[in-house]
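The structure appears below as structure tokens.
Position 1 is the first residue of the sequence, and the numbers go up from there. This one's a predicted model, so the numbers in the text were calculated from it and none came from an experiment.
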Amino acid sequence: MRLQTSMPVSVRISIVFLIVVVACMAFPGLIAPGALDQNIALGAVPALSPGHFLGTDKLGRDVLQLLVAGARSAMIGPVVIASGSIVIGILLGSLAGWYGGICDWIISRYADIMLSMPTLLLAIVAAGIIGGGYWVSVLVMVILYSPFDVRIVRAAVISQKNKPYIESALLLRLKTLRILAKHIFPNIALIIFVNFFLNIAYGLVSMSSLSYLGLGVAPGAADWGRQLSDGRQVLFDNAASALSAGIAIVLTAIAVNLVGNWLTERNTLEW
């Protein structure tokens, strides 16, 4: 049976918005070729100034072009974080849920210890000790986000492994990898899919926070978190310098969640 559901207006708007963000990620040099061009003599000018719709920052860089160029570093990191975290979650969660025993105990204790720590604070400490840098921060966040996925996948595997279709597969002496990949995984893929979108949204906020604190991208780079931080210094000269980046982060996180939730609801109505 298959039920057709119409797409809400909010989801349509979110999809269009995300398409724009993806276009900015893919073609920043084409859409905003002069994003990093400085004009120190011009300095910070307010929004709606001639030739600068959102004004400029303290270095005379066009805020709108910075916003477009910053989409790449703002979004690539969260997507990598979500992907890496899901891979670790599937591997460790499947092992823990399927084998149980000492394997489950060790993996579960690892997840519990990591979950008991404040993620962002630990990322700040780790990035500071290791030396910072964008990809170092991404790697740290992958490790810190993975325990959530490990527990989700573990619980999903445990809920499936005692069902009749798995018992039948065991009677047929199918290999464990085949049972997990071809029988269990398709039935828990929806849960993983939902968490993937959530991780992108959380990763965006976390990476922007690290960049805001100076532990993400290098100074002067185009990034929403860095732009938000730099915009504080010219808040009274051009508020759009900081507000535009903050709004972009919030709207993107909301759009990702809305699209992810809608796709989940749509898939649960198909069987």
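- Heavy-atom neighbours of Leu177 CG from other residues, nucleotides or ligands within 6.0 Å: at or below the threshold of 12.
- In plain terms, the two heavy atoms of Ser14 and Leu258 that are nearest each other are OG-CD1, 3.3 Å.
- Between Pro147 and Tyr110, some side-chain heavy-atom pair lies under the 4.5 Å cut-off.
- Minimum interatomic distance between Pro46 and Ser49 (heavy atoms only, all atoms of both residues): O-OG, 2.5 Å.
- When the side chains of ILVMFWY residues are joined at heavy-atom separations under 4.5 Å, either directly or via intervening members, Phe197 and Val153 end up in a single hydrophobic cluster.
- At a threshold of 4.5 Å between non-hydrogen side-chain atoms, the residues Ser244 and Phe53 do not count as touching.
- Proximity of a side-chain donor or acceptor of Thr56 to a complementary backbone N or O of Val45 within less than 3.5 Å is detected.
- Closest of all the heavy-atom pairs between Ala201 and Val256 is N-CG1, 4.4 Å.
- When only modelled atom types and interatomic distance are considered, Tyr165 and Asn187 share a side-chain donor-acceptor pair under 3.5 Å.
- Proximity of a side-chain donor or acceptor of Ser146 to a complementary backbone N or O of Ile143 within less than 3.5 Å is detected.
- Residues Val140 and Val80 are members of one and the same hydrophobic cluster, defined by side-chain heavy-atom contacts under 4.5 angstrom among Ile, Leu, Val, Met, Phe, Trp and Tyr.
- Proximity of Asp149 to Asn199: side-chain heavy atoms (C-beta onward) are separated by under 4.5 Å at one or more points.
- Annotation: side chain of Val87 is not in contact with side chain of Ser83 (no heavy-atom distance under 4.5 Å).
- Residues His183 and Leu174 form a side-chain contact, since some pair of their non-hydrogen atoms from C-beta on lies under 4.5 Å apart.
- The existence of a salt bridge linking Asp104 and Arg154 is confirmed by a sub-4.0 Å separation between a basic side-chain nitrogen and an acidic carboxylate oxygen.
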Side chain to side chain contact (heavy atoms under 4.5 Å, CB included) assessment of Met114 paired with Val150: CA-CA 11 Å; Met114 296 299 291; Val150 169; over 6 Å; no
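- Shortest non-hydrogen contact noted between Gly97 and Val157 is C-CG1, 3.7 Å.
- Here the shortest heavy-atom pairing between Phe185 and Ile90 reads CE1-CD1, 3.8 Å.
- Put simply, CD1 on Ile19 and SG on Cys24 are 12.0 Å apart, with the number rounded to the nearest 0.5 Å.
- Side-chain N or O atoms of Ser85 include none that pairs as donor or acceptor with a backbone N or O of Ala82 at under 3.5 Å.
- Taking both residues in full, the closest heavy atoms of Gly225 and Ile249 are given as N-CD1, 4.4 Å, listed atom of the first, atom of the second, then distance.
- A donor-acceptor contact shorter than 3.5 Å links the side chain of Arg232 to the backbone of Ser229.
- Side-chain atoms of Tyr145 do not come within 3.5 Å of backbone N or O of Gly84 as any donor-acceptor pair.
- Taken together through direct or relayed side-chain contacts under 4.5 Å among Ile, Leu, Val, Met, Phe, Trp and Tyr, Ile81 and Trp135 form part of one hydrophobic cluster.
- Between Gln65 and Pro28 the shortest side-chain heavy-atom distance does not fall below 4.5 Å.
- Taken together through direct or relayed side-chain contacts under 4.5 Å among Ile, Leu, Val, Met, Phe, Trp and Tyr, Ile200 and Phe193 form part of one hydrophobic cluster.
- Judged purely by atom type and a 3.5 angstrom limit, Asn238 has no side-chain atom pairing as donor or acceptor with the backbone of Val234.
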Side chain to side chain contact (heavy atoms under 4.5 Å, CB included) between Asn39 and Leu59, worked out: CA-CA 6 Å; Asn39 187 352; Leu59 298 177; over 6 Å; no
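- Between Ile166 and Trp98, the closest side-chain pair of non-hydrogen atoms falls below 4.5 Å.
- Shown are Ile107, Leu115, Leu92; of these, the side-chain contact (heavy atoms from CB on, under 4.5 Å) with Arg151 is made only by Leu115.
- In this structure, Arg61 CZ and His52 NE2 are separated by 13.0 Å, a value rounded to the nearest 0.5 Å.
- Using a 4.5 Å heavy-atom cutoff, the side chains of Val22 and Met75 are not in contact.
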Trace of the side chain to side chain contact (heavy atoms under 4.5 Å, CB included) decision for Ile152 with Ile192: CA-CA 8 Å; Ile152 289 173; Ile192 297 173; 5.7 Å; no
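- Phe148 and Val138 are assigned to two separate hydrophobic clusters, defined by single-linkage of ILVMFWY side chains at heavy-atom distances under 4.5 Å.
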